[in-house]
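Structure record follows, encoded as structure tokens.
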There are 2 protein chains.
Amino acid sequence: MRISELSSATGVTVPSIKYYLREGLLPQGELTSANQASYADSHVQRLKLIRALIDVGGLAVATAKDVLGAIDDTSLPLTCVFGIAQRAVSDTSLYEPVEGETDGTRQVRETIDRMGWHVSSDNPGIQGAARVIDTYTRVGHPELAQIWEGYAEAAELIARADLATVARNERLEAMAETVVVGTVLGDALVSSLRRMAQEHISNLQFPAPKE
Amino acid sequence: MRISELSSATGVTVPSIKYYLREGLLPQGELTSANQASYADSHVQRLKLIRALIDVGGLAVATAKDVLGAIDDTSLPLTCVFGIAQRAVSDTSLYEPVEGETDGTRQVRETIDRMGWHVSSDNPGIQGAARVIDTYTRVGHPELAQIWEGYAEAAELIARADLATVARNERLEAMAETVVVGTVLGDALVSSLRRMAQEHISNLQFPAPKE
DNA sequence: AACTATCGGATAGTTGTGCTGTCCATACCG
DNA sequence: CGGTATGGACAGCACAACTATCCGATAGTT
């Protein structure tokens, strides 16, 4: 398969494919001569995955490169892949360490205890959650900082579904990819479902007159 | 309060404040003469809100302008503000309409029915969820498309917590802002909690040897 | 009243990201 | 054998979000 066929098989333009090759997201094709290369089905799959991570998962190109590297490194244990995928979706200013002890970090620790969770202190979720809580108060909406109880229960349900799906996978070598795709795209799915549920519950609580 | 005081009160640089003024996110200060303006506490609050939406919520500047407009428009009913906030967080390629009937849209409709939700057909979550489902299959991980059951239950829990918090607000004129902040920042909070819960559940299912 | 720092407003420039376009020597295809 | 496609290098582009510079006016100190 040559580059133009790879392009038409995936809908990605040839210049973009060349860009991903340059950036190291897509492995080089097998060179058949000085300036001819052939691409396999695995390149089609990889390219679809790249676009999924970038377009649907919202990852930056450089971040996508990192998680693809984690998928390819078969020596990495699964928990490690999880961590890399988590850090990838968390690759925004949101997750930069909050300096020192804040109300947010305190509340997050309390909730972790209450839920009986066992979470390592470098989990990016801790920083992210603490920052959101602190922001709620900062913008003058401390009432939102109490929204926790429902969210934490829900997060545990989600994580159970996540792990059950990963465990159900029979092909062991595909599990790393499942973990990455599930973690990165799962956020978008949860948000989308939240939008729908919000409208439903909102209709129950504030019934609008039919137009 | 002059612009430099506004700057030091919020930690936002003077050029950035000028930029937000230009773009219409921050209302002009009251002109005391041809080239002197004074800013009030409301400007400090607004500026903090702007940075929260952009930095923590991840909104684009232009999108933040839209939701701020929705907060200010007191004639808008709350359900409308909800919709605008939802569309704001959904302002990525993820939510562009999927053309035609796909497996994803079919599965989303099924889930909506099963959950007994009442969701209008232009809810951005429908497009977003459908696209994620379709992407799961496209990248060769159809097993993830079954992750639904847990997610939908969890989304309903989250939405209940959201609505309960909004309803609990005593100041009616602040409810629109609560809705926006809760919707926009809530996604980040849910994702963060998901990261923590994932690590916890992952430790339960795949206990790692202590180093 | 002079002087200096700061102001608002306008405009231009910078940085980073994610492509896209052009070029060229080579290679395949009819 | 001639036209089209290829790989690779490099420059260019569009957009977003600032950031820097300049200007004449003004506020506050002296």
Side-chain angles (χ1 to χ4, degrees), chain A residues 1-40 43-44 47-68 88 91-94 96, chain B residues 1-40 43-44 47 49-68 88-89 91-94 96:
Chain A
M1 193 188 298
R2 281 166 299 178
I3 201 168
S4 64
E5 296 173 84
L6 182 57
S7 167
S8 58
T10 56
V12 180
T13 65
V14 172
S16 289
I17 295 174
K18 287 184 174 184
Y19 170 66
Y20 295 139
L21 286 166
R22 256 198 328 276
E23 296 295 315
L25 281 84
L26 191 62
Q28 300 287 337
E30 201 190 348
L31 279 174
T32 59
S33 70
N35 60 349
Q36 296 286 289
S38 96
Y39 301 92
H43 287 91
V44 176
L47 199 43
K48 283 181 184 169
L49 180 57
I50 292 171
R51 292 312 284 244
L53 294 177
I54 293 174
D55 293 344
V56 183
L59 296 197
V61 169
T63 315
K65 182 185 173 180
D66 292 343
V67 298
L68 291 168
D91 188 15
T92 69
S93 62
L94 215 194
E96 278 160 17
Chain B
M1 191 187 302
R2 277 165 302 175
I3 200 167
S4 64
E5 296 172 85
L6 181 56
S7 168
S8 58
T10 56
V12 180
T13 64
V14 173
S16 288
I17 294 174
K18 287 185 176 185
Y19 170 65
Y20 295 139
L21 285 166
R22 257 196 327 275
E23 295 295 314
L25 280 83
L26 191 64
Q28 300 286 339
E30 200 190 349
L31 280 172
T32 59
S33 70
N35 58 351
Q36 297 284 294
S38 95
Y39 301 92
H43 287 93
V44 176
L47 199 44
L49 180 57
I50 290 170
R51 292 313 283 243
L53 295 177
I54 292 174
D55 294 343
V56 183
L59 296 197
V61 170
T63 315
K65 182 184 172 182
D66 292 343
V67 298
L68 291 168
V89 245
D91 189 12
T92 70
S93 61
L94 216 192
E96 278 161 17

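Within every chain, numbering begins at 1; the chains are lettered A, B, ... in the order of the sequence lines, protein sequences first and strands thereafter. Computed from a predicted structure; not experimentally measured.
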Return the value, rounded to whole Å, for the distance between atom [atom1] of [X] and atom [atom2] of [N].
X: A:Tyr19; N: D:dG12; atom1: OH; atom2: P; result: 18 Å
X: A:Asn35; N: C:dC24; atom1: CG; atom2: C1'; result: 10 Å
X: A:Lys18; N: D:dT6; atom1: NZ; atom2: P; result: 9 Å
X: B:Leu25; N: D:dA17; atom1: CG; atom2: C1'; result: 12 Å
X: A:Glu30; N: D:dG7; atom1: CD; atom2: P; result: 13 Å
X: A:Leu21; N: D:dT6; atom1: CG; atom2: P; result: 13 Å
X: B:Ile17; N: C:dC7; atom1: CD1; atom2: P; result: 10 Å
X: A:Glu5; N: C:dC28; atom1: CD; atom2: C1'; result: 12 Å

* To do: Could you check B:Arg22 against B:Arg2 and say which one's nearest nucleotide on DNA chain D is further toward the 5' end?
  =>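 Result of the comparison: B:Arg22.
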Would you compute the distance between atom [atom1] of [X] and atom [atom2] of [Y] and round it to the nearest 0.5 angstrom?
X: A:Tyr39; Y: A:Leu21; atom1: OH; atom2: CG; result: 5.0 Å
X: A:Gln28; Y: A:His43; atom1: CD; atom2: NE2; result: 8.0 Å
X: B:Ile54; Y: B:Tyr20; atom1: CD1; atom2: OH; result: 4.0 Å
X: A:Leu25; Y: A:Ile17; atom1: CG; atom2: CD1; result: 12.5 Å

* Within a strict 4.5 Å, meaning less than it, do heavy atoms of the A:Val12 and A:Ile50 side chains meet? ->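 Answer no - side chains too far apart.
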Whether [X] contacts [N] is assessed here as follows: a side-chain N or O lying under 4.0 Å from the phosphate OP1 or OP2. Is that the case?
X: A:Gln28; N: D:dG8; result: yes
X: A:Ser4; N: D:dT6; result: yes
X: B:Ser16; N: D:dT19; result: yes
X: B:Thr13; N: D:dT19; result: yes
X: A:Tyr20; N: C:dC19; result: yes

* To do: Give, ordered by number, those residues of residues 58-66 of chain B having at least one heavy-atom distance below 4.0 Å to an atom of DNA chain C; if nothing qualifies, reply none.
  =>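 Under 4.0 Å from DNA chain C: no residue of residues 58-66 of chain B.
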* Opposite nucleotide pairing with D:dT30, Watson-Crick or G-U, both atom distances under 3.5 Å ->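 For D:dT30, the partner nucleotide comes out as C:dA1, under the 3.5 Å rule.
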Given [options], which nucleotide is nearest the side-chain atoms of [X]?
X: B:Ile3; options: C:dG8, D:dT26, D:dC18; value: C:dG8
X: A:Gln36; options: D:dC18, C:dT20, D:dT6; value: D:dT6
X: B:Arg51; options: D:dC18, D:dA27, C:dC19; value: D:dC18

* Asked: Across the strands shown, which category fits B:Leu31 at heavy-atom distances under 4.0 angstrom: base, sugar-phosphate, nothing?
  ->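 Sugar-phosphate contact only.
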* Is the count of non-hydrogen atoms from other residues, nucleotides or ligands lying under 6.0 Å from A:Glu5 atom CD greater than 12? ->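 For A:Glu5, atom CD is crowded (more than 12 foreign heavy atoms under 6.0 Å).
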* Check the surroundings of atom NZ in B:Lys65: do more than 12 heavy atoms from other residues, nucleotides or ligands lie under 6.0 Å from it? =>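 No, not enclosed.
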* Any donor-acceptor pair under 3.5 Å from A:Ser38 side chain to A:Arg2 backbone ->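 Absent.
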